[in-house]
Amino acid sequence: MSLLEIHVLGSPVLREETKLVTEITDDLRQLVDDMFETMRAAQGIGLAASQVGRLERVAVVDVDNEPIVLINPEIIAESGSERAEEGCLSIPDIYGDVDRAARVTVRATNLEGKTFEREASELLGRAFQHEIDHLHGKLFIDYLSFLKRRGVMARWEDLKEKYPGQRRVLTAPVAAEHKMTNDE
Ligand code: K1U
Ligand code: ZN
(Lines give C-alpha, C1' and ligand atoms only; values in the text may rest on other atoms or scores of the structure.)
(Ligands and ions follow the chains in the order given, each with its own letter.)
Protein backbone atom coordinates (compact mmCIF):
# COMPACT_ATOMS: atom_id res chain seq x y z
CA MET A 1 0.00 0.00 0.00
CA SER A 2 1.14 3.56 -0.59
CA LEU A 3 0.25 6.97 0.68
CA LEU A 4 -1.01 9.16 -2.15
CA GLU A 5 -0.68 12.92 -2.43
CA ILE A 6 -3.95 14.79 -1.95
CA HIS A 7 -4.74 17.52 -4.46
CA VAL A 8 -5.82 20.76 -2.82
CA LEU A 9 -8.12 23.62 -3.84
CA GLY A 10 -6.90 25.12 -7.11
CA SER A 11 -5.80 21.83 -8.61
CA PRO A 12 -7.90 21.44 -11.79
CA VAL A 13 -8.50 17.70 -11.22
CA LEU A 14 -10.83 18.54 -8.32
CA ARG A 15 -13.23 20.14 -10.81
CA GLU A 16 -13.23 17.23 -13.27
CA GLU A 17 -16.15 14.89 -13.84
CA THR A 18 -14.96 11.35 -13.10
CA LYS A 19 -15.45 8.46 -15.52
CA LEU A 20 -17.70 5.45 -14.96
CA VAL A 21 -15.77 2.34 -13.92
CA THR A 22 -16.51 -0.46 -16.39
CA GLU A 23 -14.19 -3.18 -15.05
CA ILE A 24 -12.82 -4.07 -11.65
CA THR A 25 -9.12 -4.55 -12.21
CA ASP A 26 -6.11 -5.10 -9.96
CA ASP A 27 -5.21 -1.48 -10.62
CA LEU A 28 -8.58 -0.37 -9.22
CA ARG A 29 -8.17 -2.64 -6.16
CA GLN A 30 -4.73 -1.11 -5.55
CA LEU A 31 -6.17 2.39 -5.90
CA VAL A 32 -8.88 1.60 -3.34
CA ASP A 33 -6.31 0.17 -0.87
CA ASP A 34 -4.13 3.26 -1.29
CA MET A 35 -7.12 5.56 -0.87
CA PHE A 36 -8.07 3.93 2.43
CA GLU A 37 -4.49 4.25 3.66
CA THR A 38 -4.32 7.89 2.57
CA MET A 39 -7.72 8.72 4.09
CA ARG A 40 -6.65 7.23 7.43
CA ALA A 41 -3.29 9.00 7.43
CA ALA A 42 -5.13 12.27 6.83
CA GLN A 43 -7.63 11.41 9.58
CA GLY A 44 -10.57 11.70 7.22
CA ILE A 45 -13.80 9.75 7.00
CA GLY A 46 -13.94 9.72 3.21
CA LEU A 47 -11.87 10.23 0.08
CA ALA A 48 -12.74 10.44 -3.62
CA ALA A 49 -10.46 9.37 -6.48
CA SER A 50 -10.23 12.89 -7.92
CA GLN A 51 -8.68 14.06 -4.64
CA VAL A 52 -5.70 11.82 -5.37
CA GLY A 53 -5.55 12.86 -9.02
CA ARG A 54 -7.44 9.89 -10.48
CA LEU A 55 -10.56 10.03 -12.59
CA GLU A 56 -12.12 6.64 -11.85
CA ARG A 57 -15.62 7.11 -10.33
CA VAL A 58 -14.70 5.61 -6.98
CA ALA A 59 -14.74 6.80 -3.40
CA VAL A 60 -14.06 5.30 0.01
CA VAL A 61 -15.83 6.09 3.27
CA ASP A 62 -15.21 4.90 6.81
CA VAL A 63 -17.44 6.19 9.56
CA ASP A 64 -17.57 4.07 12.75
CA ASN A 65 -14.97 1.54 11.54
CA GLU A 66 -17.02 0.27 8.62
CA PRO A 67 -14.98 0.64 5.43
CA ILE A 68 -17.26 1.19 2.43
CA VAL A 69 -16.12 1.23 -1.21
CA LEU A 70 -18.37 3.16 -3.58
CA ILE A 71 -17.87 2.39 -7.27
CA ASN A 72 -20.10 4.42 -9.63
CA PRO A 73 -22.23 5.64 -6.72
CA GLU A 74 -25.48 7.53 -7.22
CA ILE A 75 -28.07 8.93 -4.88
CA ILE A 76 -31.35 7.28 -5.77
CA ALA A 77 -33.50 8.78 -3.01
CA GLU A 78 -33.21 11.60 -0.52
CA SER A 79 -35.36 13.26 2.09
CA GLY A 80 -35.26 16.11 4.58
CA SER A 81 -32.58 18.70 5.05
CA GLU A 82 -29.96 19.22 7.71
CA ARG A 83 -27.23 21.82 8.22
CA ALA A 84 -23.86 20.76 9.66
CA GLU A 85 -20.26 21.85 9.56
CA GLU A 86 -18.00 20.24 6.96
CA GLY A 87 -14.35 20.22 6.15
CA CYS A 88 -12.49 18.68 3.25
CA LEU A 89 -9.13 16.95 3.02
CA SER A 90 -8.53 19.00 -0.14
CA ILE A 91 -9.19 22.32 1.65
CA PRO A 92 -7.31 21.88 4.94
CA ASP A 93 -8.21 24.14 7.89
CA ILE A 94 -11.32 25.55 6.24
CA TYR A 95 -14.79 24.71 7.55
CA GLY A 96 -18.31 25.77 6.69
CA ASP A 97 -21.94 24.92 7.37
CA VAL A 98 -23.59 23.00 4.54
CA ASP A 99 -27.26 22.11 4.05
CA ARG A 100 -27.64 18.56 2.77
CA ALA A 101 -30.35 15.92 2.56
CA ALA A 102 -30.93 14.44 6.01
CA ARG A 103 -31.28 10.91 4.66
CA VAL A 104 -30.10 9.42 1.37
CA THR A 105 -30.18 6.09 -0.37
CA VAL A 106 -27.04 5.39 -2.38
CA ARG A 107 -26.73 2.74 -5.08
CA ALA A 108 -23.16 1.66 -5.87
CA THR A 109 -21.02 -1.32 -6.82
CA ASN A 110 -18.47 -2.90 -4.48
CA LEU A 111 -15.06 -4.39 -5.29
CA GLU A 112 -16.66 -7.80 -5.88
CA GLY A 113 -18.73 -6.25 -8.66
CA LYS A 114 -21.95 -6.52 -6.68
CA THR A 115 -24.45 -3.66 -6.80
CA PHE A 116 -25.81 -2.65 -3.40
CA GLU A 117 -28.07 -0.02 -1.94
CA ARG A 118 -27.41 1.68 1.38
CA GLU A 119 -29.61 4.10 3.27
CA ALA A 120 -27.76 6.53 5.50
CA SER A 121 -28.31 9.59 7.67
CA GLU A 122 -26.24 11.74 9.98
CA LEU A 123 -22.47 11.63 9.42
CA LEU A 124 -22.50 8.63 7.06
CA GLY A 125 -25.23 10.19 4.92
CA ARG A 126 -23.28 13.44 4.81
CA ALA A 127 -20.04 11.65 3.92
CA PHE A 128 -21.80 9.83 1.03
CA GLN A 129 -23.08 13.16 -0.32
CA HIS A 130 -19.72 14.91 0.13
CA GLU A 131 -17.83 12.12 -1.70
CA ILE A 132 -20.36 11.78 -4.52
CA ASP A 133 -20.12 15.54 -5.03
CA HIS A 134 -16.34 15.18 -5.40
CA LEU A 135 -16.86 12.60 -8.15
CA HIS A 136 -18.79 15.29 -10.06
CA GLY A 137 -16.26 18.06 -9.48
CA LYS A 138 -18.24 19.74 -6.72
CA LEU A 139 -16.77 20.96 -3.41
CA PHE A 140 -18.53 21.87 -0.16
CA ILE A 141 -17.49 25.52 -0.52
CA ASP A 142 -19.75 25.70 -3.62
CA TYR A 143 -22.72 25.60 -1.22
CA LEU A 144 -21.59 28.57 0.87
CA SER A 145 -23.11 32.03 0.47
CA PHE A 146 -21.26 34.49 -1.73
CA LEU A 147 -19.92 36.34 1.32
CA LYS A 148 -18.80 33.22 3.19
CA ARG A 149 -17.15 31.83 0.10
CA ARG A 150 -15.34 35.10 -0.46
CA GLY A 151 -14.03 34.88 3.12
CA VAL A 152 -12.92 31.30 2.59
CA MET A 153 -11.09 32.17 -0.62
CA ALA A 154 -9.30 35.05 1.13
CA ARG A 155 -8.10 32.70 3.90
CA TRP A 156 -7.08 30.10 1.34
CA GLU A 157 -4.80 32.67 -0.36
CA ASP A 158 -2.58 32.46 2.78
CA LEU A 159 -3.05 28.75 3.49
CA LYS A 160 -2.30 27.56 -0.03
CA GLU A 161 1.38 28.52 0.30
CA LYS A 162 1.79 25.40 2.43
CA TYR A 163 0.93 23.22 -0.57
CA PRO A 164 3.44 23.66 -3.40
CA GLY A 165 2.24 22.12 -6.64
CA GLN A 166 -1.30 22.14 -5.18
CA ARG A 167 -0.53 18.84 -3.44
CA ARG A 168 -0.71 17.84 0.18
CA VAL A 169 2.04 15.36 1.11
CA LEU A 170 1.17 13.16 4.08
CA THR A 171 3.41 11.23 6.41
CA ALA A 172 2.40 7.79 7.66
CA PRO A 173 1.12 7.81 11.24
CA VAL A 174 3.64 6.20 13.60
CA ALA A 175 2.15 3.01 15.05
CA ALA A 176 1.96 3.26 18.87
CA GLU A 177 4.00 0.10 19.45
CA HIS A 178 6.81 1.38 17.21
CA LYS A 179 7.03 4.86 18.65
CA MET A 180 10.61 5.81 19.49
CA THR A 181 11.22 6.65 23.11
CA ASN A 182 14.15 8.58 24.57
CA ASP A 183 15.63 5.24 25.74
CA GLU A 184 15.91 3.84 22.20
O1 K1U B 1 -13.66 14.01 1.04
C2 K1U B 1 -13.06 14.55 1.96
O3 K1U B 1 -12.49 15.61 1.81
C4 K1U B 1 -13.05 13.88 3.30
C5 K1U B 1 -13.95 14.60 4.28
C6 K1U B 1 -15.35 14.08 4.16
C7 K1U B 1 -16.40 14.69 5.02
C8 K1U B 1 -17.53 14.01 5.21
C9 K1U B 1 -18.55 14.52 5.98
C10 K1U B 1 -18.44 15.74 6.58
C11 K1U B 1 -17.31 16.43 6.37
C12 K1U B 1 -16.29 15.92 5.61
C13 K1U B 1 -13.39 14.40 5.67
O14 K1U B 1 -13.23 13.34 6.15
S15 K1U B 1 -12.87 15.83 6.45
C16 K1U B 1 -13.33 15.85 8.07
C17 K1U B 1 -13.20 14.75 9.00
O18 K1U B 1 -12.22 14.09 9.08
C19 K1U B 1 -14.31 14.52 9.94
C20 K1U B 1 -15.53 15.15 9.79
C21 K1U B 1 -16.53 14.91 10.68
C22 K1U B 1 -16.35 14.07 11.73
C23 K1U B 1 -15.13 13.44 11.88
C24 K1U B 1 -14.09 13.67 10.99
ZN1 ZN C 1 -13.74 16.71 0.42
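All ligand and atom numbering here is 1-based and tracks the order in the structure. Just so you know, these numbers come straight off a predicted model, no measurement behind them.
For atom 23 (C) of ligand 1, the closest non-hydrogen atom on the protein side is Ile45 CG2, 4.1 Å. Summary of contacts: the protein heavy atom closest to atom 17 (C) of ligand 1 is Gln43 O, 4.1 Å. For atom 4 (C) of ligand 1, the closest non-hydrogen atom on the protein side is Gly46 O, 3.1 Å. From the protein, the heavy atom lying nearest to atom 3 (O) of ligand 1 is Leu89 N, 2.8 Å. For atom 6 (C) of ligand 1, the closest non-hydrogen atom of the protein is Glu131 OE2, 3.4 Å. Residue, atom and distance of the protein heavy atom nearest to atom 22 (C) of ligand 1 are Leu123 CD2, 3.7 Å. Nearest protein heavy-atom contact of atom 12 (C) of ligand 1 is Gly87 O, 3.3 Å.
For the pair Phe140/Ile91, a side-chain contact is recorded, criterion being any heavy-atom separation below 4.5 Å from C-beta on. Looking at Lys160 and Gln166, their side chains never come closer than 4.5 Å, going by heavy atoms from C-beta outward. The shortest distance between side-chain heavy atoms of Ser145 and Arg150 does not fall below 4.5 Å. Tyr163 has its side chain out of reach of Leu9: every pair of non-hydrogen atoms, C-beta onward, lies at least 4.5 Å apart. A heavy-atom distance below 4.5 Å is found between the side chains of Leu89 and Arg168. When side chains are defined from C-beta on, Glu56 counts as touching Asp27, because their heavy atoms get closer than 4.5 Å.
Within a 4.0 Å radius of atom 9 (C) of ligand 1, the protein contributes one or more non-hydrogen atoms.
With hydrogens and angles ignored, the 3.5 Å screen pairs no side-chain donor or acceptor of Arg54 with any backbone N or O of Ala49. Listed for the Asn72 side chain is no donor-acceptor partner under 3.5 Å among the backbone atoms of Leu20. The closest donor-acceptor contact from the side chain of Gln129 to the backbone of Gly125 lies under 3.5 Å.
Of all the heavy atoms in Ser90 and Ile6, the pair that sits closest is OG-CG2, 3.7 Å. Across all their heavy atoms, Leu170 and Ala41 have their closest contact at CD1-CB, 4.4 Å.
Residue pairs that meet the salt bridge (charged side-chain N to carboxylate O under 4.0 Å, His left out) test with at least one member in residues 58-81, sequence neighbours left out, are Arg40-Asp62, Glu66-Arg118.
Below 4.0 Å from some heavy atom of Ala127 lie the following atoms of ligand 1, by number and element: 8 (C), 9 (C). Below 4.0 Å from some heavy atom of Gln51 lie the following atoms of ligand 1, by number and element: 1 (O), 2 (C), 3 (O). Atoms of ligand 1 found under 4.0 Å from any heavy atom of Cys88, numbered from 1 in the order shown, are 3 (O).
Between His130 and ligand 1, an N or O atom pair is found at a separation short of 3.5 Å.
Here the protein contributes Cys88 SG, His130 NE2, His134 NE2 as N, O or S atoms under 2.8 Å from the Zn ion (ligand 2).
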